[in-house]
Protein chains: 2
Amino acid sequence: MTLPNRKPGAIPAATIARLPIYHRVLASFGVSGVTTIASEELAAACGVSPAKLRKDLSHLGSFGTRGVGYNVSYLTFQIARELGVTKSRGIVIVGMGNLGRALASYRAFGGRGFHIVGIFDRDHELVGNTIVCGQESFTVKPVGELPAVVSQSDVNIGVITTPAESAQEIADLMIQAGLVSILNFAPVVLNVPEQVEVRKVDLAVELQILAFHDQRSDSDENLQEQLVRAEIA
Amino acid sequence: MTLPNRKPGAIPAATIARLPIYHRVLASFGVSGVTTIASEELAAACGVSPAKLRKDLSHLGSFGTRGVGYNVSYLTFQIARELGVTKSRGIVIVGMGNLGRALASYRAFGGRGFHIVGIFDRDHELVGNTIVCGQESFTVKPVGELPAVVSQSDVNIGVITTPAESAQEIADLMIQAGLVSILNFAPVVLNVPEQVEVRKVDLAVELQILAFHDQRSDSDENLQEQLVRAEIA
DNA sequence: TAGATTGTTAATCGATTAACAATC
DNA sequence: TAGATTGTTAATCGATTAACAATC
């Protein structure tokens with residue numbers, strides 16, 4: 001007997017990665033007053049093909065109406081439910097350099113299902129400073145207080161914006177405190193137990209991928225130019 | 001006759017996305033004085049399997065020595081060459097809010113193959129301000145000057161850190177000025193011609209993907225707890 | 001030669017796509 | 001009923017993996 005490759009109800013990783021896009025685009029159609037939308041229009045707004053969109057949504061259930069389309073608010077809610085953002089999830093940010101401060105003062109979190117529970121730094125010079133975010137303001141706490149904050153408040157996700165050298169140490173601290181979801185901005189590969197999910201954003205990685213494309217388009221352009229010149233001659 | 005699906009020498013997208021990781025990890029082995037490394041150790045440090053690493057590298061050529069491993073500096077150079085970062089590539093950043101300022105003052109660009117050519121904002125209040133980045137400092141220019149800077153200097157990549165409302169407009173401006181590689185931090189899907197490559201970083205998207213994982217691990221944990229309790233009873 | 005490690009093969013797995021039956 | 005659009009199927013495509021022959 002062969003076991004199935006995936007749990008029956010499981011949703012493909014590639015689909016999960018696109019759900020936040022669908023969610024945001026649907027929400028913006030919602031505020032524009034659109035109540036019903038067809039896969040073709042929604043897909044175009046999300047930058048994917050209608051087939052892919054419908055396939056993705058089919059993994060969550062069948063929320064559309066044939067011949068009509070999808071109810072915008074109903075579908076928005078179903079995706080939010082699948083992602084686990086129907087109630088706001090708490091985050092902590094460790095590392096109050098330029099990037100950490102930029103994130104802590106980012107005002108669009110609330111609307112996407114997140115709220116900041118605490119911000120931390122190792123540097124005593126920074127501890128006690130406050131960062132204003134719209135109506136709210138947060139005070140920088142010493143990293144030593146991270147475990148207490150995580151165990152006493154409802155924290156779901158840890159964000160690391162420290163230099164590369166301290167990132168592993170902070171990750172260990174977060175995991176010890178019970179966090180299993182980490183967003184890492186430090187340019188280093190974290191070593192974590194397998195039940196911990198780490199997502200990584202590295203600006204230089206994104207730029208290098210673009211550099212590859214840019215280099216290719218340069219040579220393509222030269223090729224085109226050469227072809228044009230060849231025709232002229 | 002059937003055409004091949006991909007150009008013969010073409011490198012898979014999944015491989016390209018991993019090359020920057022290999023490059024950074026190799027560079028750090030290099031500064032640590034390691035001269036030769038086996039796929040097993042390099043793969044572990046990069047968080048991938050040795051098979052995947054060797055397969056990825058095999059698309060670039062055969063740069064290793066059987067029975068020995070890879071020469072660190074030689075492989076580092078070959079990957080840099082493939083990515084197109086053997087010479088530093090110029091970037092412009094538009095939108096000098098918190099995130100834009102954080103990027104403009106990020107000191108690790110130089111070591112990864114990039115330098116800032118110009119920073120821009122629409123807001124007249126911000127124009128003329130300077131942002132310090134290590135030894136250098138940059139002055140915020142009005143967006144109107146973007147085309148001139150792109151055409152007069154050697155700019156390869158445009159970075160958008162504006163609010164969502166202005167992002168499309170700025171993208172159009174960049175494309176008109178001749179840029180074909182854009183890194184977009186605004187939470188909006190850009191509409192661009194197909195020869196333009198856009199990479200998108202959306203913090204809330206990353207967090208929502210983690211929220212999905214976090215939600216799942218919650219229910220898994222409950223399941224485990226329940227199992228433990230059942231055993232005790 | 002013996003041991004080590006690469007580069008490649010072939011099998012498996014997962015994601016994408018186009019087409020269309022189902023159904024509003 | 002006729003037109004529209006979903007949800008699903010089956011085919012294709014691309015990525016991953018394990019195993020091993022090649023070779024240092």
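Hydrogens, waters and symmetry mates play no part in the numbers below; they use all other heavy atoms, side chains included. Within every chain, numbering begins at 1; the chains are lettered A, B, ... in the order of the sequence lines, protein sequences first and strands thereafter.
Using a 4.0 Å heavy-atom criterion, one finds that B/A14 contacts the sugar-phosphate atoms exclusively. Residue contacts for A/A51: at a heavy-atom cut-off of 4.0 Å it reaches a base atom on one of the strands shown.
Straight-line distance from the NE2 atom of A/H59 to the C1' atom of C/dT16: 11 Å, rounded to whole Å. Atom CG in A/L53 sits about 12 Å away from atom C1' in D/dT5, given to the nearest Å. Summarising the geometry, the separation between CD on A/E40 and P on D/dG7 is reported as 15 Å, rounded to the nearest angstrom. Per the geometry, CD1 belonging to B/I11 stands 14 Å off P belonging to D/dT16, to the nearest Å. If you take CG of B/L60 and P of C/dT6, they are 15 Å apart, rounded to a whole angstrom. Residue A/K55 contributes atom NZ, which lies 14 Å from atom C1' of D/dC13 at whole-angstrom precision. Whole-Å rounding puts the B/K52 NZ to D/dA15 C1' distance at 8 Å.
Between A/T65 and the phosphate of C/dC24, there is no side-chain N or O to OP1/OP2 separation shorter than 4.0 Å. In terms of phosphate contacts, A/R54 brings no side-chain nitrogen or oxygen within less than 4.0 Å of OP1 or OP2 of C/dA19.
For C/dT6, the base has a donor-acceptor partner in the side chain of B/R66 [N/O atoms by modelled type, under 3.5 angstrom].
The residues B/E40 and B/R54 are annotated as not salt-bridged, no charged nitrogen and carboxylate oxygen being separated by less than 4.0 angstrom.
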